[in-house]
Amino acid sequence: MSSSIYRARLGKTPNKKTLEFLSSVKDDYRIFEADIEGTEAHNIMLYEQRVLSREDLTKILSSLEKLKREYRSGKIEIEPEYEDVHEFIEAYVVRDVGIGVGGKLHTGRSRNDQVALDIRMVLRWALIEVGERILRLVSSLLDKAEEHKGTIMPLYTHTQHAQVGTLAHYLLAYVDTLLRDLQRLDSCYSRVNLSPLGAGPIGGTSIPVDRRRTASLLGFDGLVENSIDAVSSKDVEIEVLSALANLMSSLSRIAEDLTLWSSSEFGFIELADEYSSTSSIMPQKKNPCTLELVRGKTGRVIGALNGVLNIVKGLTTGYNRDLQEVKHHLWTGIDAVNDSLEILAGAIKSMKVNEERMRAKVEEGYTLALDLAECLTVELGLPFREAHMLVGNLVREMVSSGTRISHLKPRTIEELAEKVLSRQVTVDEDLIRGIVDVERSLLSRRSIGSPNPAETERMLKERSAALRAFMEVWLLKKRSLERAQNMLRETVKKYLS
Ligand code: ARG
């Protein structure tokens with residue numbers, strides 16, 4: 001007979017390699033404490049339902065608390081002969097208080113609802129942590145944006161000069177993306193925070209469990225009601241990874257912008273030494289490896305999402321052991337996201353911005369061309385397409401003669417209008433001076449969400465308020481989980497005394 005508490009059905013113990021292959025202990029450390037809490041809540045409920053005597057409950061709880069202390073002091077290492085943390089914890093209690101009492105701990109529960117519960121308990125904290133890190137990144141971005149309200153730079157499309165804007169405008173764009181990530185995580189949290197416990201292996205249990213009671217002891221907002229759904233569905237885990245992969249693809253894009261801007265060719269920013277790396281051979285190198293790794297780790301998160309989608313897509317409904325692999329992908333995704341958020345926030349906070357260089361690129365380029373064409377449309381009544389043709393010709397000539405847009409003469413426009421459009425136009429010197437002045441040009445952009453200084457100011461204010469509101473939302477989530485944890489601890493203490 002096997003030494004395992006589970007393997008009575010088998011005549012022989014699987015060999016070491018098979019046991020290792022079956023085991024999820026490596027991925028289970030992260031659910032260790034959740035599993036203890038879940039087991040405590042389950043057993044308290046069993047006592048309240050008169051399934052367990054008070055004496056038995058006290059013994060089980062005190063054994064679980066002892067195990068928790070050993071785990072926290074770093075004494076616990078689970079051998080891979082155990083299939084998972086669930087077997088390990090139950091076997092520990094059985095060893096500790098005897099099978100007469102410890103053997104009752106798993107009454108009315110299956111590992112299937114148990115592991116689904118543990119994952120959700122860990123995911124709640126993970127979503128809170130990711131959210132807090134996004135909030136810190138948003139805060140760094142808002143501080144930088146405030147600092148660089150007046151920092152003029154080219155805006156790019158196709159990685160080519162497009163229009164004039166400000167660094168603040170770019171940073172505020174990142175903020176808006178990240179605020180949507182927070183909304184997604186917030187919405188996702190409400191679906192994570194439901195308890196599958198009490199679903200049993202798939203079809204419930206004849207033991208009079210009180211599912212609402214365990215859910216409430218563990219701080220859940222409700223139940224994953226249908227017992228088949230509770231043990232089979234991984235759509236919520238997929239939703240979490242999908243939100244994380246989406247977030248990472250944005251972080252990666254931001255990292256790519258900053259990497260490019262930190263090149264000698266751009267020279268717009270310089271990363272702090274603390275966020276840079278060097279070369280083993282080229283002594284001059286200062287590489288933006290932190291940003292490159294944010295980009296690189298995005299692959300892990302997208303891979304994790306892909307991994308889980310692939311695990312579930314061919315399964316029959318009901319628990320299948322394939323699902324054990326989901327945890328690994330979840331933890332990989334969560335770790336990569338948390339690390340990336342922290343690194344990116346620090347890199348942005350500490351980077352040096354070269355304002356002169358950004359402005360110089362605007363002055364030597366033609367990012368004011370659209371402002372000029374729009375001005376000719378408005379002031380001279382030219383159809384926009386004609387103004388576009390005129391300015392297109394103008395820029396071609398200025399590029400070939402090496403003339404800057406700031407040196408543009410009204411005469412040049414008038415002559416070109418005659419030549420290209422066969423139109424007589426009179427252009428006012430003041431009009432031209434107004435449009436080739438970068439600051440005045442920004443003032444003339446009036447559309448909502450443009451880099452007009454007034455719009456920047458408004459967005460800064462509103463996004464700072466949004467940040468504070470999200471901080472509040474996240475704090476509430478955290479407080480509510482902490483409250484539930486304290487309540488459970490108090491209840492455990494009550495039954496221990
Ligand atoms: N270690 C398993 C997992 O992570 C626990 C559930 C096992 N359930 C079962 N029916 N074998 O998914």
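If you read the sequence from its start, that first residue is 1, and numbering goes on from there.
- The backbone N or O of R446 sits nowhere less than 3.5 Å from a side-chain atom of N452 that would complete a donor-acceptor pair.
- Residues that satisfy the side chain to side chain donor-acceptor pair (under 3.5 Å) test with R321, not counting sequence neighbours, are E83, Q324.
- Under a cutoff of 6.0 Å and an axis angle of 45°, R211 and F220 do not form a cation-pi pair.
- Under the 3.5 Å distance criterion, the side-chain polar atoms of T491 are matched with a main-chain donor or acceptor of M487.
- Within the model, atoms CE of M459 and OG of S450 stand 6.5 Å from one another, a figure rounded to the nearest 0.5 Å.
- With hydrogens and angles disregarded, no donor-acceptor distance shorter than 3.5 Å links the side chain of D28 to the backbone of I31.
- The pair R111-D84 meets the salt-bridge criterion, since a charged nitrogen lies less than 4.0 angstrom from a carboxylate oxygen.
- At least one side-chain heavy atom of K477 sits under 4.5 Å from a side-chain heavy atom of D186.
- Here OG1 of T367 is found 12.5 Å from CD of Q160. Values are rounded to the nearest 0.5 Å.
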Q: Run the numbers on E239 and R191 for salt bridge (Lys or Arg N to Asp or Glu O under 4.0 Å), then give the verdict.
A: CA-CA 9 Å; E239 190 182 349; R191 281 175 291 281; 2.6 Å; yes
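- Distance CG/L443 to CG/D371: 11.0 Å, rounded to 0.5 Å.
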Q: Let me see the working for M358 and I152 under side-chain contact (heavy atoms from CB on, under 4.5 Å), right down to the final yes or no.
A: CA-CA 6 Å; M358 287 179 164; I152 301 294; over 6 Å; no
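- In summary, E132 and K478 engage in a salt bridge, as defined by a charged side-chain N under 4.0 Å from a carboxylate O.
- A donor and an acceptor atom, one from each side chain of Y156 and D257, are nowhere located under 3.5 Å apart.
- S252 places no side-chain N or O within 3.5 Å of a backbone atom of M248 that could act as its donor or acceptor partner.
- In this structure, E418 contributes its side chain and Q424 its backbone to no donor-acceptor pair below 3.5 Å.
- Using a 4.0 Å cut-off between a side-chain N of Lys or Arg and a carboxylate O of Asp or Glu, R359 and E439 qualify as a salt bridge.
- For the residue pair R404 / H407, no side-chain donor-acceptor distance below 3.5 Å is found, with atom types taken as modelled.
- A salt bridge is absent between K297 and D339; no separation between the charged side-chain nitrogens and carboxylate oxygens falls under 4.0 Å.
- Counted within 6.0 Å of NZ on K26, heavy atoms from surrounding residues, nucleotides or ligands total 12 or fewer; the atom is thus considered open.
- Of the inter-residue distances, the one linking L258 atom CG with L271 atom CG reads 7.5 Å to the nearest 0.5 angstrom.
- Few gaps surround CZ on R30; more than 12 heavy atoms of other groups in view lie less than 6.0 Å from it.
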(Q) One pair to check against salt bridge (Lys or Arg N to Asp or Glu O under 4.0 Å): E482 and R479. What are the steps and the verdict? (A) CA-CA 5 Å; E482 283 168 352; R479 291 283 168 270; 2.8 Å; yes
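- For R458, the CZ atom counts as densely surrounded, since its 6.0 Å shell holds more than 12 non-hydrogen atoms of other residues, nucleotides or ligands.
- Results of the side chain to side chain donor-acceptor pair (under 3.5 Å) test with E37 over Q485, H42, R489 single out Q485 as the only residue that passes.
- Of all heavy-atom pairs between L382 and T377, the closest is O-CG2, 3.2 Å.
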Q. Passes salt bridge (Lys or Arg N to Asp or Glu O under 4.0 Å), E414 versus K409? Steps please.
A. CA-CA 9 Å; E414 288 163 3; K409 299 267 174 301; over 6 Å; no
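- Between the side chain of S350 and the main chain of G346, a donor-acceptor pair closer than 3.5 Å is present.
- In this structure, K361 forms no cation-pi arrangement with F268, as its terminal cationic atom is not both closer than 6.0 Å to the ring centre and no more than 45° off the ring axis.
- In this structure, the side chain of S263 engages the main chain of F266 through a donor-acceptor pair within 3.5 Å.
- More than 12 heavy atoms of other shown residues, nucleotides or ligands fall within 6.0 angstrom of atom CD in E429.
- For R396 and N393, the side-chain atoms include at least one donor-acceptor pair closer than 3.5 Å.
- Between W261 and Y170, a ring centre-to-centre spacing shorter than 6.0 Å is recorded.
- Counting only heavy atoms from C-beta outward, the side chains of D273 and K286 approach each other to under 4.5 Å.
- We find that E415 and K419 are not joined by a salt bridge, their nearest charged nitrogen and carboxylate oxygen being 4.0 Å or further apart.
- Using a distance-only test at 3.5 Å, with no hydrogens or angles considered, no donor-acceptor pair links the side chain of S233 to the main chain of D235.
- At most 12 non-hydrogen atoms from other residues, nucleotides or ligands lie less than 6.0 angstrom from CD1 of I448.
- No side-chain heavy atom of F470 sits under 4.5 Å from any side-chain heavy atom of I134.
- Ring-centre distance between Y366 and H161: not below the 6.0 Å cut-off.
- For E225, the CD atom is loosely surrounded, since the number of other residues' heavy atoms within 6.0 Å does not exceed 12.
- Shown here is K68, whose NZ atom has more than 12 heavy atoms of other residues, nucleotides or ligands within 6.0 Å.
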Q: Carefully, step by step, assess R463 and D176 under the rule salt bridge (Lys or Arg N to Asp or Glu O under 4.0 Å).
A: CA-CA 8 Å; R463 288 355 177 232; D176 281 3; 2.6 Å; yes
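- Side-chain polar atoms of N193 and R124 form a donor-acceptor pair below 3.5 angstrom.
- For the residue pair D35/Q114, the side-chain donor-acceptor check at 3.5 Å is satisfied.
- Under the 4.5 Å side-chain criterion, counting only non-hydrogen atoms from C-beta, L217 is in contact with R213.
- Between the side chain of N320 and the main chain of G318, a donor-acceptor pair closer than 3.5 Å is present.
- Put simply, the side chain of N226 gets close to the backbone of I228: a donor and an acceptor are under 3.5 Å apart.
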